[in-house]
4 protein chains.
Amino acid sequence: MPQMPKDSQESPSSPQARRRRAPAMDRGERRRSILDAALAEFAAHGFAGARLEDVARRAGVAKGTLYLYFSDKEALFRGLVEENLSPVIVDAGGMVALFPGTTRELLDLLIELLAQRVLEAPAQALVRLMIAEGPRFPELAAYYHREVVVRGLALIRAIVARGIARGEIDSDIPAQFPQLVIAPAIVAVVWNSMFGTFDPLDVRRFLAAHRDLILRGLGWRET
Amino acid sequence: MPQMPKDSQESPSSPQARRRRAPAMDRGERRRSILDAALAEFAAHGFAGARLEDVARRAGVAKGTLYLYFSDKEALFRGLVEENLSPVIVDAGGMVALFPGTTRELLDLLIELLAQRVLEAPAQALVRLMIAEGPRFPELAAYYHREVVVRGLALIRAIVARGIARGEIDSDIPAQFPQLVIAPAIVAVVWNSMFGTFDPLDVRRFLAAHRDLILRGLGWRET
Amino acid sequence: MPQMPKDSQESPSSPQARRRRAPAMDRGERRRSILDAALAEFAAHGFAGARLEDVARRAGVAKGTLYLYFSDKEALFRGLVEENLSPVIVDAGGMVALFPGTTRELLDLLIELLAQRVLEAPAQALVRLMIAEGPRFPELAAYYHREVVVRGLALIRAIVARGIARGEIDSDIPAQFPQLVIAPAIVAVVWNSMFGTFDPLDVRRFLAAHRDLILRGLGWRET
Amino acid sequence: MPQMPKDSQESPSSPQARRRRAPAMDRGERRRSILDAALAEFAAHGFAGARLEDVARRAGVAKGTLYLYFSDKEALFRGLVEENLSPVIVDAGGMVALFPGTTRELLDLLIELLAQRVLEAPAQALVRLMIAEGPRFPELAAYYHREVVVRGLALIRAIVARGIARGEIDSDIPAQFPQLVIAPAIVAVVWNSMFGTFDPLDVRRFLAAHRDLILRGLGWRET
DNA sequence: TATGAATGAGCGTTCATTCAT
DNA sequence: AATGAATGAACGCTCATTCAT
């Protein structure tokens, strides 16, 4: 129906079959509520285990409506990743660029950002979902790598370079392997998703210990 | 086929495998070949996505045969973890107990063990599978926690205590959070399973860098 | 199909059923057609032997559609009993309550009801199915006992009491064992289901003979 | 291996694979134990629901051994019916031919025979099995009709004729429909198999009431 | 003769996707 | 645009039957 030029609001109260759902949301709002529902269901049951009927019910729409917003289950999963992970990196980038204090203080700030925005639900679930399902969605993994991982690692390199420039640290190991800096955060997500119920890991204390360990490992000295 | 005159034992080992029995493996061998096939299929498609028919075909047995060795799909998954991951921890424990050299040399040895037996072997896929599917198999996660994780962390604590006793290191951070020591290995598995095809991580160099970083962070000095 | 110019409602009932939806029955109609198909298949192959695919095909729906109406195979069987047997008892009850004539005439009426609604109808197969499968469906057997058998026997007791009150009969044996009155009807069902093809039993004559036999046994006299 | 003329008992203690099962039963004994096991399993789970593996285990033989005695599951069921039901009729026939007392006493005797040999397990189960599965085994039903039912009904006719000849009864209804005489026994089997657990029917009292009812219905008078 | 591991056709059930309304 | 009943391919699991030993 590529053309629909005229009079689109003609007689809105015509006596035709009148059981359309609440048009009380605009397209963007509804898309968001579907994505939120999908995140909850995918997080709870994995990609394969999540049922689109449950996503629809949770979003308050009919099953068929999902297909008006996403072409299939995979597209829904893609939409999820694309809309939830990028913003954190952007914010962190801004933070690093403007921060005036020591590297230690900067790390504390980022730990807090990470803890609040990623290591707690629902984003935590998304990270775990990417780990779990990534290998079966190579294009999505590439997207994630490009948009989130590479940028995040660049940010770590920037922090290290900044610290070296300020004379606070002296090692360039994390410049080669910035993953070493973020690894405990990843592990914390994995740990709590698997063992959180019976052996929870205190993420903030865990990351603080990591900060202390690597700062010393990086040759930290107060300037 | 009422007539069957002569030569009934002509070439009994002719290769005319005509939809007949698998060629008489002993029970252990067949169990292994099923587990190997299952690992490959689970790794490729995840637990839910793997089809038992494909596992059977890959193992060279009929579908029903799987059920002579494993009571259901979940038991097959469980068998995988039990037979592939637990032994590594046991071996590593023996290694630590007997090792005579420095902590740095011990870590190198364990990195090599990890690299060979887990990070480069099919077992890598298994670690990722545990991460991916663990939350939906709480009992299996508990088993893995008990048999692999707790023991692995105890081993790390033993290494740290040994290093402190030898006067080689002085920090007790990893005694509180031994996960910090193993975290990069976990991340290496995740990384390579997701991005390995287009941005592979050199596991040995990565873990060596980690070793250097944390040894310094732990106050390393040659004795 | 990007173009769809005009005449979109030309002959909407054309017979070009092209692997498409079943033609819009209302819910009750479709439920009935599924039940009818299920009765036929269960009767022909027993509960375990009947294939839901055949039920679906016979009902003219897809296999999955069955599950929109019945939660599983057992529920389908239950639906069959509930909708086919219970109503007969209710109707018979109404008949007895209002009937003005002699006991003999009343029995003739009930024989006719039984013959028409149970012994000659598809419901006959259902009675045999209940006998055949009852022991393996204890809850269904209990339901059948409660809703059909107990009520049916109460009805027999009522008829006997009525006959005694009218001075037509004098025995209270069927008040103790009302099953004796209905037994030949059960046997007729069993007989015809097993031997009907080569040695059919004339149900009406059989039940009439039974009526004569027990009326005399009960001390029948015209008043 | 159609030919194997000579020396079949050469070296019975040869060191060949020696794990044959106990030859402690002759062929007939083993056949019986398989039939007994089959009756128990078929009675408990029906024809379709019974598992040959369970039959074999209960009979104390291997699964494959069943096929040395019965060509398939159906043949096993046939064997069951053929070997268990006929003897009762034969015995009852002898009893009627020789009995010197009144018809009432004869009926009492047959009730007792029926109660002991048919209305109690395991033969009861077999009657119910025939009812349940008969329609799916037309040939078996025909066999049963010919060997058991026709003979049983002939016996009833003989009893009635004997009673009339003795001047004890005067009705020929059961000569036309001898099923009326046996119907309550059939119903008792059905009743107890379905409702026996929560509403058992006292078979002997039930059949005695039937005896009284029909004797009067047949015009009984002491001679 | 007896065994029991192996087979694979078969079935109940699920759920992503479609489409008439 | 929205609905949700209908679809049917797909899959885990069972079990009667076979056959190498």
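Note on naming: letters A, B, ... go to the chains in the order of the sequence lines (proteins, then strands), and numbering restarts at 1 for each one. Just the heavy atoms: all of them, side chains too, but no hydrogens, waters or symmetry mates, feed the values below.
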OP1 or OP2 of E:dA2 less than 4.0 angstrom from a side-chain nitrogen or oxygen of D:Arg30, does that happen here? yes
Can a cation-pi geometry be assigned to A:Arg128 and A:Phe42, taking NZ or CZ under 6.0 Å from the six-membered ring centre and within 45° of the ring axis? no
Do C:Arg27's NZ or CZ and the ring of C:Tyr69 fall within the cation-pi criteria of under 6.0 Å and 45°? yes
Send over the distance from [X] [atom1] to [N] [atom2], rounded to a whole Å.
| X | N | atom1 | atom2 | answer |
| --- | --- | --- | --- | --- |
| C:Phe70 | F:dA5 | CZ | P | 15 Å |
| A:Asp54 | F:dG4 | CG | P | 15 Å |
| C:Phe77 | E:dG12 | CZ | P | 14 Å |
| B:Tyr67 | E:dA9 | OH | P | 16 Å |
| A:His45 | E:dT14 | NE2 | P | 15 Å |
| C:Arg51 | F:dT14 | CZ | P | 20 Å |
| D:Glu53 | F:dT14 | CD | C1' | 11 Å |
| C:Leu76 | E:dT13 | CG | C1' | 14 Å |

Could you check whether [X] gets within reach of a base, just the sugar-phosphate, or nothing at all, counting any heavy atom under 4.0 Å?
| X | answer |
| --- | --- |
| B:Ala50 | sugar-phosphate |
| D:Tyr69 | sugar-phosphate |
| B:Leu52 | sugar-phosphate |

Is the B:Phe77 ring parallel, tilted or perpendicular to the B:Phe47 ring (thresholds 30°, 60°)? tilted
Comparing B:Ser71 with C:Leu66, nearest DNA chain F nucleotide closer to 5' gives the residue C:Leu66
For E:dA20, give its Watson-Crick or G-U wobble partner with both distances under 3.5 Å, or none. F:dT3
Under 3.5 Å, is there an N or O donor on one side and an acceptor on the other linking the side chain of C:Lys63 and the base of F:dT7? no
To the side chain of C:Ala62, which of F:dT17, F:dG8, E:dA2 is closest? F:dG8
Which nucleotide in E:dT7, E:dG12, F:dG12 has an atom nearest any side-chain atom of C:Lys73: E:dG12
N-O pairing of D:Arg32 and D:Glu83 below 4.0 Å: yes
Check this for me: does any side-chain nitrogen of one of A:Asp54 and A:Arg58 sit under 4.0 Å from a carboxylate oxygen of the other? no
